[in-house]
**Q** 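Handing you this structure, nothing more for now.
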Amino acid sequence: MSAQKQEIGFDPDALRLKYKAERDKRVRADGNDQYQEVVGDFAYFVDDPYIDATLQRGPVEDEIEVAIIGGGFGGMLAAARLREAGIDDFRVIEKGGDFGGTWYWNRYPGASCDIEAYVYFPLLEKTQFTPQQKYTNAAETLNYCRVIAEKYDLHANALMQTKVTCTEWDEDSRRWLVKTDRGDAIKARFVVHSNGPLNRPKLPAISGITSFKGHTFHTSRWDYGYTGGNSDGGLEGLKDKRVAVIGTGATGIQTIQTIAKSVGHLTVFQRTANWAAPLHNTPISAAEMAEIKANYPQIFARCRETPGCFIHMNDPRATFEVSEAERLAFYEELYSKPGFGIWQGNFRDMSTDPEANAAASEFIAGKIRQRVKDPALAEKLIPKD
């Protein structure tokens, strides 16, 4: 190990072996079999808690130009572009009770987006909508979906509370036959698939899960009728309850930090720790939004250069080309900014050199140790892979 890399203050080889051991615990041979499908006794986990009643209608037989499967941002954007092109002969088929996709389902307390709102929200230049925060929450995102739907009159072309069961190509008619769980038979010249994987919950295949006598629900079907309140909190129904949360991914972390203020007692079950840092969210003023709108081309060009469309600060140098003081100052600046500031591209070698990645990881681990006063608990909350 070079003298310069000794500045890190730990043995990268030993850390790499530790990460590998922890990874081997997590990457399981049973794959998706470790989850319980939401069928049979678990079918209620996918019921829609956000509709007053099931929509009553007869089967639809229709021949159209375009069938769009999914009413999230992808499907809405496809429909909006068709409207702009003068094509009105389309249908959006959506399982939920309204537009929104994953944001229709995920309304759990604390739900938020980790991409800048002015990047994540499509069609802002058309709707002239101004997000209230740099990182928007679930309520504002769902509201924006309604703004898009109203502007482009998408409900007129929508089949809600409808699940596509199959799409079949008919060579004779040169059309797709789209079938649904409501008996619809729709012929379409084109099919746009905008259905994503984030709308169907998975449950841990825990032995004895069916014998639990308490009230249970999945975060993607949050039962506000039981908890009270809304995605901002105020969960009065939990004030005297012993609550358990299974999972500490982004959803778990957002939920835990919000409901902890309301519950009588909270227990968290964690399999794998995840990196977490303060969001440092900030409002977006009208002046800031005006500047953002004036620079959309440059912003979008920058997003296309980075994975996930995050807007990051990057340093073209390698991690160990700078002094320890410079490196730590850069990390500190990134950590204090709103959003997911530290990632694998801040220094050019963070995604290719394990020691460079370990240096950034150790910086965040140090922050966790500072925030969590119990040393044993802090180590449990620090990822090891």
Side-chain angles (χ1 to χ4, degrees), residues 32 37-39 43 46-48 50-51 54-106 115 120-127 141-142 144-202 220-221 300 303-304 308-309:
N32 281 332
E37 287 297 320
V38 281
V39 295
V46 293
D47 290 344
D48 189 342
Y50 308 122
I51 55 175
T54 301
L55 181 67
Q56 300 298 317
R57 67 168 179 83
V60 172
E61 292 188 10
D62 203 358
E63 185 164 344
I64 57 176
E65 191 74 1
V66 184
I68 301 171
I69 303 175
F73 275 143
M76 298 177 76
L77 187 57
R81 295 306 189 200
L82 288 172
R83 283 270 198 248
E84 291 175 347
I87 301 171
D88 299 315
D89 190 16
F90 65 87
R91 284 193 183 275
V92 181
I93 308 172
E94 165 59 40
K95 180 182 177 182
D98 205 344
F99 288 100
T102 189
W103 295 103
Y104 175 83
W105 299 110
N106 288 284
I115 301 174
Y120 185 69
F121 282 174
L123 302 168
L124 282 177
E125 69 277 21
K126 303 288 186 178
T127 63
T141 306
L142 186 59
Y144 184 61
C145 291
R146 296 173 180 137
V147 169
I148 295 175
E150 181 176 346
K151 178 174 178 60
Y152 290 93
D153 193 23
L154 298 186
H155 285 101
N157 295 65
L159 294 177
M160 294 296 177
Q161 299 183 37
T162 303
K163 178 182 177 181
V164 172
T165 55
C166 73
T167 55
E168 300 174 345
W169 176 252
D170 179 55
E171 188 64 31
D172 292 335
S173 64
R174 305 289 294 174
R175 292 293 183 272
W176 288 98
L177 178 60
V178 181
K179 298 180 180 179
T180 76
D181 61 351
R182 288 176 170 269
D184 304 317
I186 300 170
K187 291 183 178 180
R189 185 180 177 192
F190 302 102
V191 173
V192 176
H193 285 271
S194 289
N195 48 315
L198 301 180
N199 67 334
R200 187 172 181 82
K202 291 181 178 179
S220 66
R221 305 292 191 275
F300 291 153
C303 288
R304 285 191 291 269
C309 292

**Q** Within the side chain of Glu171, is there an N or O that forms a donor-acceptor pair under 3.5 Å with the backbone of Trp169?
**A**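 Flag not set: sc Glu171 to bb Trp169 has no pair under 3.5 Å.
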**Q** Take atom CD in Glu150; do more than 12 heavy atoms of anything else shown fall under 6.0 Å from it?
**A**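 Not buried by this count: 12 neighbours or fewer within 6.0 Å.
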**Q** Short question: side chain of Arg83, backbone of Tyr152 - any donor-acceptor pair under 3.5 Å?
**A**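 Pair found, side chain donor or acceptor close to backbone of Tyr152.
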**Q** First locate atom CG of Asp62, then atom NZ of Lys187, and finally report the distance between them rounded to the nearest 0.5 Å.
**A**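 Reported to 0.5 Å precision, the distance equals 11.0 Å.
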**Q** Please check this pair: side chain of Asp184 against backbone of Val60, looking for a donor-acceptor N/O pair closer than 3.5 Å.
**A** yes
**Q** Examine distances only and state if a side-chain atom of Asp181 and a backbone atom of Thr165 form a donor-acceptor pair shorter than 3.5 Å.
**A** no
**Q** With a 4.5 Å heavy-atom cut-off, do Leu177 and Asp170 have their side chains touching?
**A** no
**Q** Please identify each residue that fulfils side chain to side chain contact (heavy atoms under 4.5 Å, CB included) with Lys151, with sequence neighbours left out.
**A** Lys126, Thr127
**Q** Taking CD in Glu125 as the centre, count heavy atoms belonging to other residues, nucleotides or ligands within less than 6.0 Å. Is the count above 12?
**A** yes
**Q** Report yes if the side chains of Arg81 and Leu123 come closer than 4.5 Å at any heavy-atom pair, otherwise no.
**A** yes
**Q** Do Arg57 side-chain atoms and Arg182 backbone N/O form a donor-acceptor pair below 3.5 Å?
**A** no
**Q** Over 60° means perpendicular and under 30° means parallel, so classify the ring planes of Tyr50 and Trp105, tilted if in between.
**A** tilted
**Q** Suppose the criterion is side-chain hydrogen bond (donor to acceptor under 3.5 Å, both in side chains): which pairs have a residue in residues 64-76, not counting sequence neighbours?
**A**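 Matches after skipping sequence neighbours: Glu65-Arg189.
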